[in-house]
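Working notes, beginning with the structure itself.
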Amino acid sequence: MDGGDDGHPPPTQAPGGPATRLARLVTELTAPAILVSVLTVLVGWHAAGGGHGLAWGLLATLFATGIPFAYIVGGVRRGRLTDHHVGVREQRRVPLLFGLTSAAAGLALLAALGAPRPVLALVAAGVVGLVVAVGVSHWWKMSIHSAVAAGTVVVLVLTFGARLLATAPLLALVGWSRVRLRDHTVAQVVVGGVVGGLITGVVYRALA
């Protein structure tokens, strides 16, 4: 869910060429739904091990990204949304609220079923992040791509150790792709990364 500076599609297209094609590829591969899905499965697997942990991760993923992304795809097909990144700011509020509701419901279900604390902590961090995103998106276009990328790096480091700091260049790559495609300003990318990293670090560390 990212888009232009003023809430409308950029007035001009990003420059063409190999760099732009690479930026589009990076944007797709590091989409919030993909990063959160992979991260949630990894955390579930690490927390409980084997098939049991994988099942917890997949259940959390269903509510954190599966249902919300299905809603967005449906909105695109019906013409209510411009694209699967929700590139128009005015269109973001309802999908974000839907995602927040889905994640909160998933968190309640996971808690009732006795999910591992790291899985609960990760989904809880997502819920808090979505609350902030809903508020900010009302007036500004903070990059959710960057927020999720920063949160992903933080969780990887807290879960698997300092060696996962090697994933930090992901933040710069994601930020570059969003600016290159003219979907965000540098400020929107930087603020998204700072907010995502701080929220995830505080919530995940406190609850995991």
Side-chain angles (χ1 to χ4, degrees), residues 1-2 22-23 25-69 85 96 99-100 102-104 106-107 110-111 115-133 136 142-179 184 188-208:
M1 287 186 193
D2 289 308
L22 176 60
L25 178 62
V26 170
T27 281
E28 294 301 330
L29 292 179
T30 61
I34 292 179
L35 289 184
V36 172
S37 296
V38 173
L39 183 64
T40 306
V41 170
L42 282 175
V43 168
W45 170 79
H46 183 264
H52 191 56
L54 181 62
W56 283 120
L58 290 174
L59 179 60
T61 298
L62 174 65
F63 288 91
T65 59
I67 294 174
F69 189 70
H85 294 304
L96 285 171
L100 173 59
S102 177
L107 179 60
L110 289 163
R117 286 180 62 88
V119 175
L120 294 175
L122 182 58
V123 179
V127 169
V128 175
L130 283 168
V131 169
V132 173
V136 173
M142 181 180 73
S143 174
I144 297 178
H145 267 77
S146 292
V148 171
T152 297
V153 172
V154 168
V155 171
L156 287 174
V157 171
L158 291 176
T159 303
F160 299 102
R163 65 183 181 278
L164 267 296
L165 282 171
T167 61
L170 173 70
L171 306 182
L173 185 61
V174 170
W176 167 80
S177 74
R178 305 310 290 146
V179 174
H184 279 289
Q188 290 165 346
V189 164
V190 171
V191 171
V194 171
V195 170
L198 283 175
I199 290 175
T200 305
V202 171
V203 177
Y204 186 79
R205 190 181 187 104
L207 299 179

Identify the heavy atoms of Ser102 and Pro68 that sit nearest to each other, and give their distance. OG-CD, 3.7 Å
Which distance, rounded to the nearest 0.5 Å, do you find between the CG of Leu62 and the OG1 of Thr40? 11.0 Å
Taking the side chain as everything from C-beta on, heavy atoms only, tell me whether Tyr204 gets closer than 4.5 Å to Thr159. yes
Taking side chain to side chain contact (heavy atoms under 4.5 Å, CB included) as the test, write out the residues that go with Leu54, two or more places apart. Val41, Leu58
Minimum heavy-atom distance Ala103-Val123, with the two atoms named: O-CG1, 3.7 Å
What heavy-atom pair brings Ala124 and Leu207 nearest, and what distance separates the two atoms? CB-CD1, 3.7 Å
To check you understand the geometry: which heavy-atom pair defines the closest contact between Ala48 and Trp56, and what is its length? CB-CD1, 4.2 Å
Expected output: side-chain Ser177 to main-chain Val174 donor-acceptor under 3.5 Å: yes
Expected output: side-chain Thr167 to main-chain Leu164 donor-acceptor under 3.5 Å: yes
Assess the side chains of Thr27 and Arg178: does a donor N or O sit below 3.5 Å from an acceptor N or O? yes
Please give me the minimum heavy-atom distance between Gly196 and Ala150, naming the atom from each residue. C-CB, 4.4 Å
Nearest heavy atoms of Leu35 and Thr30, plus distance in Å: CD1-O, 3.5 Å
In Å and rounded to the nearest 0.5 Å, what is the CG to CG distance from Leu173 to Leu22? 6.5 Å
Give, for atom CD1 of Ile144 and atom NE2 of His85, the distance between the pair rounded to the nearest 0.5 Å. 11.5 Å
For the atom pair NE2 (His184) and OG (Ser146), what is the distance rounded to the nearest 0.5 Å? 7.0 Å
Take Val155 and Thr200, measure what side-chain contact (heavy atoms from CB on, under 4.5 Å) needs, and give me the verdict at the end. CA-CA 7 Å; Val155 171; Thr200 305; 3.3 Å; yes
Hey, does Ile199 have a side-chain heavy atom less than 4.5 Å from the side chain of Val132? yes
I need the Leu110 CG to Phe63 CZ distance, nearest 0.5 Å. 7.5 Å
What distance separates Leu122 CG from Leu158 CG, expressed to the nearest 0.5 Å? 11.0 Å
